[in-house]
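Residue numbers begin at 1 in each chain, while the letters A, B, ... track the order of the sequences. Note that the structure is a prediction, hence the values are computed from the model and not measured.
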Amino acid sequence: MLSSDFIRNIISRDVEVKKNQGRVHTRFPPEPNGYLHIGHAKSICLNFGLAAEYEGLCNLRFDDTNPSKENVEYVESIKSDVKWLGFDWGDRELYASDYFEQLYQYAVQLIKEGRAYVDSLSAEEIRDYRGTLTDPGKESPYRNRSVKENIDLFERMRRGEFKDGAHVLRAKIDMASPNLLMRDPTLYRIRWVSHHRTGVQWCIYPMYDFTHCLSDSIEGITHSICTLEFENNRPLYDWVLDELGVDCHPQQIEFARLNLSYYILSKRKLVELVTGGFVTGWDDPRMPTISGLRRRGYTPGSIRSFCERIGVAKRDSMVDLALLEYCIREDLNKSTPRVMGVLRPLRVIIDNYPKDQVEYLNAANNPEDPAMGTREVPFSRVLYIEKEDFQEIPQKKFFRLAPGREVRLRYAYFIKFVRVVKDEQTGEVVELHCTYDPKTRGGDSPDGRKVKATLHWVSAPHAVAAEVRLYDRLFLRPNPEAEKDGTDFKTYLNPDSLKTLTPCRVEPTLSGSPPGSRFQFERLGYFCVDPVDASDEKLVFNRTVTLRDQWAKIQKAQQHR
RNA sequence: UGGGGCGUCGUCAAGUGGUAAGACACAGGAUUUUGGUUCCUGCAUUCGGAGGUUCGAAUCCUCCCGCCCCAGCCA
């Protein structure tokens with residue numbers, strides 16, 4: 001076993017002592033009320049990973065007990081995201097709503113045993129009766145209704161004789177419990193809402209605490225893994241199963257949910273970003289959703305690797321975004337073809353290059369992997385280079401193109417600066433004139449002369465226009481939710497999280513690239529063809545992540561000096 | 001101020017009485033036709049704090065401090 005964490009320790013021990021006959025059966029139980037995000041990926045990798053490691057099974061179970069917030073769009077997105085991440089639930093696509101009848105019968109059993117009652121207090125009254133953190137609650141006047149009356153009322157609740165909120169079914173536990181969840185928790189409420197799967201079949205719906213443990217039990221789950229905030233619910237989880245005397249009593253184990261710096265992983269807040277138009281949708285490449293990361297160009301493997309590296313523990317933590325970026329670079333570096341594209345084009349004229357000549361130069365598709373072959377890149381008298389690769393008055397440690405300098409054009413020639421042409425009005429650099437050394441074809445100098453920089457470039461007449469979207473972190477602060485003064489998290493939205501550049505110039509091999517295809521633009525970063533907005537006529541690239549950038553660090557250090 | 005959890009490097013995280021793994025980040029250096037990659041090197045005499053037990057403590061005990069969760073007919 002590669003990784004060791006407290007959950008795997010528990011399960012290993014259980015398997016060793018043949019608990020559950022040595023069987024391991026987990027489940028991933030999303031509520032279909034939003035899209036999955038990278039925090040869910042942690043749970044998915046954990047639950048499906050455990051099942052795989054211990055040769056067990058993992059169910060996909062939708063926890064769909066609150067029809068007013070759930071819908072099929074979410075169900076479909078969740079299925080496709082889990083699948084995309086590389087996991088398979090076989091024929092075990094399950095729904096808590098499939099157990100509604102069974103759950104109802106369990107509730108009846110609880111009533112018959114005198115462990116549940118129909119309460120007719122209003123929601124506000126129930127809140128008042130619950131007490132506070134320090135004061136015990138008091139018992140509802142309806143708490144001692146007879147079993148017969150409770151059964152009658154509960155049946156009529158099901159039949160639809162009452163309005164929303166008229167009655168609820170409550171467990172009869174202990175109104176003085178120091179654990180508020182044990183103060184007669186609600187088990188069923190009346191909701192005249194159509195359910196995305198059961199339609200109008202039901203007007204009463206079971207609550208999470210009643211549903212979850214029993215669904216686990218029904219499915220034969222051995223280890224029910226959830227996040228820390230459910231730790232308080234565990235006594236209730238166990239209470240329900242114990243009172244009902246079910247055969248299968250899974251063990252609930254809680255771990256800390258993921259927090260990622262410069263992002264937000266609260267479903268409620270992500271919904272807010274989507275509905276408020278702060279992003280273009282759930283799959284906006286700036287979103288930490290699985291669909292957003294996918295559109296951004298992240299690979300399933302990189303996300304799985306990330307989830308392995310962050311580990312599993314019980315302490316609240318904030319994982320550095322840099323780790324996620326490390327994982328995607330690591331994956332893409334090995335697998336992605338190199339290509340040249342100029343984001344902010346600056347025209348360069350090679351004065352001594354024959355006017356109508358075109359040469360095709362050989363370029364490696366991936367220096368990391370010769371098996372990926374080579375391609376021919378056209379070179380001509382007029383080229384584009386990156387604006388930031390020229391400085392008229394070079395700053396310290398800048399060793400790209402500048403007056404008097406010679407640099408290499410990748411896979412092409414050494415070129416030497418001749419003169420700069422500026423806009424008379426603005427003083428802006430509009431064009432460069434250079435000369436090339438024909439003896440350096442391919443990028444090597446026969447006289448062994450060295451050059452300090454290699455630039456990427458594109459032949460102007462052959463270049464293909466493209467739109468490039470530069471994405472950056474969504475928030476300015478590492479933890480936008482933690483600002484104590486009550487500031488709204490949206491205050492810290494990064495105004496530069498998206499920069500759209502157009503027209504950019506990319507090498508001709510890129511025309512017609514299929515949606516979703518990934519490339520490394522040399523010296524810039526990893527990009528993928530946007531699966532939504534790109535078309536045959538229009539190339540659109542999303543920047544997945546930049547390359548590590550030593551030069552950017554030097555510049556930053558110089559600024560701070 | 002009730003109850004339940006958690007505190008090990010900047011960030012994650014192993015460690016379960018025998019003398020602080022690993023990863024990311026960071027800092028140097030080597031290689032390099034991507035200021036990329038790769039490769040070396042460095043990076044917690046110390047585990048929230050204070051006492052105690054022990055030959056020996058991050059691990060056991062006591063007290064203290066800090067952070068998170070719970071008062072939905074949400075999950």
Next on the checklist: Both distances below 3.5 Å, Watson-Crick or wobble geometry, any strand: find the nucleotide opposite B/rC24.
Outcome noted: B/rG10
Item to check | Distance between C1' atoms of B/rC26 and B/rA75 (Å, rounded) | outcome: 40 Å
Checklist entry - Between A/W551 and B/rG35, do the rings stack, that is, sit under 5.5 Å apart with planes less than 30° off each other? => result yes
Next on the checklist: With a 3.5 Å cut-off and heavy atoms only, can you find an N or O donor on one side and an acceptor on the other between the side chain of A/Q520 and the base of B/rU34?
Outcome noted: yes
Checklist entry - On a whole-Å scale, what distance lies between the P atoms belonging to B/rC24 and B/rG18? => result 29 Å
Checklist entry - Base, sugar-phosphate alone, or nothing: which one does A/E231 contact when heavy atoms must sit under 4.0 Å apart? => result sugar-phosphate
Checklist entry - Where does B/rG72 land, syn or anti, once you apply the within-90°-of-0 test for syn? => result syn
Checklist entry - Taking any strand in view, what nucleotide pairs with B/rU46 in a Watson-Crick or G-U wobble way, both distances under 3.5 Å? => result none
Next on the checklist: Taking B/rG10 as the reference, what is the distance to B/rC40 when you measure between their P atoms (whole Å, please)?
Outcome noted: 25 Å
Checklist entry - Expressed as a whole number of Å, how far does the P atom of B/rA20 sit from that of B/rA44? => result 12 Å
Checklist entry - Heavy atoms under 4.0 Å, any strand shown: does A/Y205 hit a base, just sugar-phosphate, or nothing? => result nothing
Item to check | Same-atom distance (P) from B/rG51 to B/rA57, integer angstrom | outcome: 14 Å
Checklist entry - Using a cut-off of less than 4.0 Å, is there contact between a side-chain N or O of A/R329 and OP1 or OP2 of B/rC24? => result no
Item to check | Six-ring centre of A/Y205, A/R189 cation under 6.0 angstrom, axis tolerance 45° | outcome: no
Next on the checklist: If I pick the P atom on B/rC73 and the same atom on B/rC68, what distance separates them, to the nearest angstrom?
Outcome noted: 24 Å
Checklist entry - Rounding to the closest angstrom, what is the interatomic distance between B/rG48 and B/rC43 at atom C1'? => result 22 Å
Checklist entry - For B/rC26, does either OP1 or OP2 sit under 4.0 Å from a side-chain N or O belonging to A/K553? => result yes
Checklist entry - Is there a side-chain polar atom (N or O) of A/R130 under 4.0 Å from OP1 or OP2 of B/rG72? => result yes
Checklist entry - If the C1' atom of B/rG22 is compared with that of B/rC63, how far apart are they to the nearest Å? => result 35 Å
Next on the checklist: Need one value for A/R338: base, sugar-phosphate or nothing, where a base atom within 4.0 Å counts as base even if backbone is also close, heavy atoms only.
Outcome noted: base
Checklist entry - Can you tell me if the side-chain N/O atoms of A/Y208 get under 4.0 Å from OP1 or OP2 in B/rC74? => result no
